[in-house]
There are 2 protein chains.
Amino acid sequence: MDNDVVRQAPLFSALDDEAATALRGSMSETRLRRGEVLFHEGDSGDRLYIVLDGKVKLGRTSSDGRENLLAILGPGQMFGELSLFDPGPRSATVTAVTDTSFASLSHEDLLRWLDGRPTVARGLLAQIAGRLRKANDVNADLVFSDVPGRVAKALLDLADRFGRTADDGVHVHHDLTQEELAQLVGASRETVNKALADFASRGWLRLEPRSVVIMEVDRLQRRAR
Amino acid sequence: MDNDVVRQAPLFSALDDEAATALRGSMSETRLRRGEVLFHEGDSGDRLYIVLDGKVKLGRTSSDGRENLLAILGPGQMFGELSLFDPGPRSATVTAVTDTSFASLSHEDLLRWLDGRPTVARGLLAQIAGRLRKANDVNADLVFSDVPGRVAKALLDLADRFGRTADDGVHVHHDLTQEELAQLVGASRETVNKALADFASRGWLRLEPRSVVIMEVDRLQRRAR
DNA sequence: CCTATCGAGTGGTCTGGGTCACATGCAGTC
DNA sequence: GACTGCATGTGACCCAGACCACTCGATAGG
C-alpha cells in the first residue's frame, strides 16, 4: 500500500514512522473502476476511507430521483466519518469518478487507535470542522450567488485541488461530465453549460472534454464572489 | 450557574458528579438581552459556548449586506466549536433572539479537559458530525425543495425543539420575526409570509405573534418532503 | 462500417419566487 | 391621544433558471 499517500492525508500528517507502520497494519485496500459504487446512501457501515489515488463523488438522491453532489474528493482526502461518530446509515452514495483506490479502517480500529493519540483525534476534529465550515459556505452560496457564480467557484475549488499550472493556464482535469458539475453546484445541466460557454467566449477559460484550462483566474474569482 | 442544564447538553451528558463539579469551575457565565450580539463573523475568539436559557441565532452576512441564518439554538446546545478546531476567525455572528444566558469554556480549558476523557471527546465529535449531517440536509433542501416546503420543514424542526403539545395543537414559540424565519430558510420575507398564510388558510396551523400553533403536523410533514 | 448511446451545445417557453409598492396593525414614547 | 417605527399582510411585475426539444460529435458494440 502507498504509505506516502496515507501520510499525506491531513489527518495523519503528524505521524512518526513507528505509528505509520502500525497504522498500515490495520488498514485494508480497495479498488474501484470509474462508475462503480463503494456504498449507497442508507447502507449501514462504519468504515473510514482515505482516497489513495483517483477521485470519487459523494452524492445524494432526493425522493423524486434527482441527484446532487456534496463533494468531489481526491487523493489524501477521507470520507465516511459521519457514520462513525453520528451513528446511523451512510448519508451519501460514494461513486468512483475515475478508477480509484482507497485505504480503509474500521470504526473499532480507528477508535482504539485514537485513544493513545490525542493529536490525531484533534486532527480528525479539525478535519470535520473544516468540512462543516465548507458546508455552511455552500449553503450561503446557494442562497446568495447565481449559477454562473457557483460554477466559477466550483471550478476554482477544483483547480485548487486538482489543477496543474502550465504556461497557457491552469489545467484542471476534473473528470466530471457537465451533468455531474451541474449536480455539484445545484443547477440544471443546460444552465451550467451556458455559463461555461459564456466564460469561454470571454476568454477566461478553454473547454476540453472532462477538463478545463483556466486562463484568467482573477476574472473567475471576481465572478465567483 | 445552572448545573443541570450543562449536564443536559448532549456533550456532557455522560459526566459523573465529580467531573461536572470540576467542569463548572472552569466555566464562566454570560448574559445577553434580545438583539444583542455575542460575537461577530470575522472576530477572533476561541471560546465554546453552551446555551443555558433562551435562544440565539447564528447568522452570516454576504458581501452585499444580505443575511442568512445557519441555525437557531436553544438550551443545551453549543456553538463556537468551529473556531476551536478549524483555527480561524468566527464564521458566523451570534445574536440573542430572546434574553439568553450562556456558559462558556476557553479552548485551552476544553482541550485540557478532553485529554483525560475520551468519552467526552467522542461526544464532541458526534455533536459536530451531527451538525455536518444537518448542514448537508439543508443543502439538499435548498436544491430540491420549494420555499413552502422549506418553511414547513423549518417549522417542524422548531416544533421538535421548542414546541409544547396542548390539546389544540403544538404551540411553538420560536421568537422569530418572519424576516428571521425567511433568512433561516433562504427566501424572501414576502414569500415566507405567503406560504404561512396559505398553511393557515388550509387549517394546518394558526399564526400568532412570534409563534405558531401547528394543528395538523402530518399535513405539514407531507408538504415538507 | 453502421448504428446506438452518451455527452455537449443551443434556442424557446414557462414559472417560482425575488423585488417593489403599498396597506394595516400593533407597541412604545412624547 | 397623536406620532413614529417595526412587524405583518398582499397584489403587480419581472427575470433567472428549470424544463423541453432539438442538433451535433464522439465513442462503442455489433
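Letters A, B, ... are given to chains in the order of the sequence lines, protein chains preceding strands, and every chain is numbered from 1.
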| note | By side-chain contact (heavy atoms from CB on, under 4.5 Å), A:Val138 pairs with (sequence neighbours left out) A:Leu142, B:Asn139
| remark: Minimal heavy-atom distance between A:Leu69 and A:Glu180, with the atoms involved, is CD1-O, 3.4 Å
| field | Length of the line joining B:Leu207:CG and D:dA7:P, which is rounded to integer Å | value | 16 Å
| query | Nearest-Å distance, CG (B:Leu181) to P (D:dA7)? | reply | 14 Å
| said: A:Ser188: which residues meet the side chain to side chain donor-acceptor pair (under 3.5 Å) condition with it, sequence neighbours left out? | reply: A:Thr191
| task | Take the protein atom CG of A:Leu142 and the nucleotide atom P of C:dG18, then report the distance between them rounded to whole Å. | result | 13 Å
| field | B:Ser91: partners by side-chain contact (heavy atoms from CB on, under 4.5 Å), with sequence neighbours left out | value | A:Arg133, B:Arg60, B:Leu82
| Hey, can you pull the residues of residues 196-206 of chain B with a non-hydrogen atom under 4.0 angstrom from DNA chain D? | B:Ala197
| said: For A:Arg222, I'd like to know if atom CZ has over 12 heavy atoms of other residues, nucleotides or ligands within 6.0 Å. | reply: yes
| message | Nearest whole Å is fine: how far is C:dG17 C1' from B:Gln183 CD? | response | 17 Å
| Within residues 201-214 of chain A or reaching into it, pairs that qualify as side-chain hydrogen bond (donor to acceptor under 3.5 Å, both in side chains) - sequence neighbours excluded | A:Asp168-A:Arg206, A:Asp198-A:Arg202, A:Arg206-A:Glu208
| message | Return the CZ to CG distance between A:Phe162 and A:Leu176, rounded to the nearest 0.5 Å. | response | 8.5 Å
| query | Which residues in residues 57-64 of chain B have at least one heavy atom lying under 4.0 Å from any atom of DNA chain D? | reply | none
Contacts table for residues 96-107 of chain A: side-chain donor-acceptor under 3.5 angstrom, sequence neighbours left out:
{"from": "A:Thr98", "atom 1": "OG1", "to": "A:Lys55", "atom 2": "N", "distance (Å)": "3.1"}
{"from": "A:Asp99", "atom 1": "OD1", "to": "A:Arg34", "atom 2": "N", "distance (Å)": "2.9"}
{"from": "A:Thr100", "atom 1": "OG1", "to": "A:Lys55", "atom 2": "N", "distance (Å)": "3.4"}
{"from": "A:Thr100", "atom 1": "OG1", "to": "A:Lys55", "atom 2": "O", "distance (Å)": "3.1"}
{"from": "A:Thr100", "atom 1": "OG1", "to": "A:Thr98", "atom 2": "O", "distance (Å)": "2.6"}
{"from": "A:Ser104", "atom 1": "OG", "to": "A:Ser28", "atom 2": "OG", "distance (Å)": "3.3"}
{"from": "A:Ser104", "atom 1": "OG", "to": "A:Arg47", "atom 2": "NH1", "distance (Å)": "2.6"}
{"from": "A:Ser106", "atom 1": "OG", "to": "A:Asp109", "atom 2": "N", "distance (Å)": "3.1"}
{"from": "A:Ser106", "atom 1": "OG", "to": "A:Asp109", "atom 2": "OD2", "distance (Å)": "3.4"}
{"from": "A:His107", "atom 1": "NE2", "to": "A:Leu84", "atom 2": "O", "distance (Å)": "3.4"}

| Using a cut-off of 4.0 Å between protein heavy atoms and nucleotide atoms, how would you tag nucleotides 13-30 of chain D 5' to 3' with B, S and -? | ----SSSB----------
| request: Sequence neighbours left out, what passes salt bridge (charged side-chain N to carboxylate O under 4.0 Å, His left out) with A:Arg223? Give chain and number order. | output: A:Asp146
| task | Kindly compute the distance separating CE (A:Met27) from CG (A:Leu110), expressed to the nearest 0.5 Å. | result | 9.5 Å
| request: May I have the distance from B:Glu179 (atom CD) to D:dC6 (atom P), rounded to whole angstrom? | output: 13 Å
| field | Interatomic distance where CD belongs to B:Gln178 and P belongs to C:dG18 [whole Å] | value | 14 Å
| said: Going by salt bridge (charged side-chain N to carboxylate O under 4.0 Å, His left out), name the residues that satisfy it together with A:Lys153, two or more places apart in sequence or in a different chain. | reply: A:Asp141
| query | For B:Glu81, what residues pass the salt bridge (charged side-chain N to carboxylate O under 4.0 Å, His left out) criterion, not counting sequence neighbours? | reply | B:Arg131
| Between atom NZ of B:Lys134 and atom CG of A:Leu132, what is the distance when rounded to the nearest 0.5 Å? | 11.5 Å
| query | Can you tell which of C:dA8, D:dG9, D:dA7 lies closest to the side chain of A:Asn193? | reply | C:dA8
| query | Atom CD of A:Glu180 to atom P of C:dG7: distance rounded to whole Å? | reply | 8 Å
| task | For the helix from C:dC1-D:dG30 to C:dC30-D:dG1, figure out the bend between the end axes, five pairs an end, and round to 10 degrees. | result | 30°
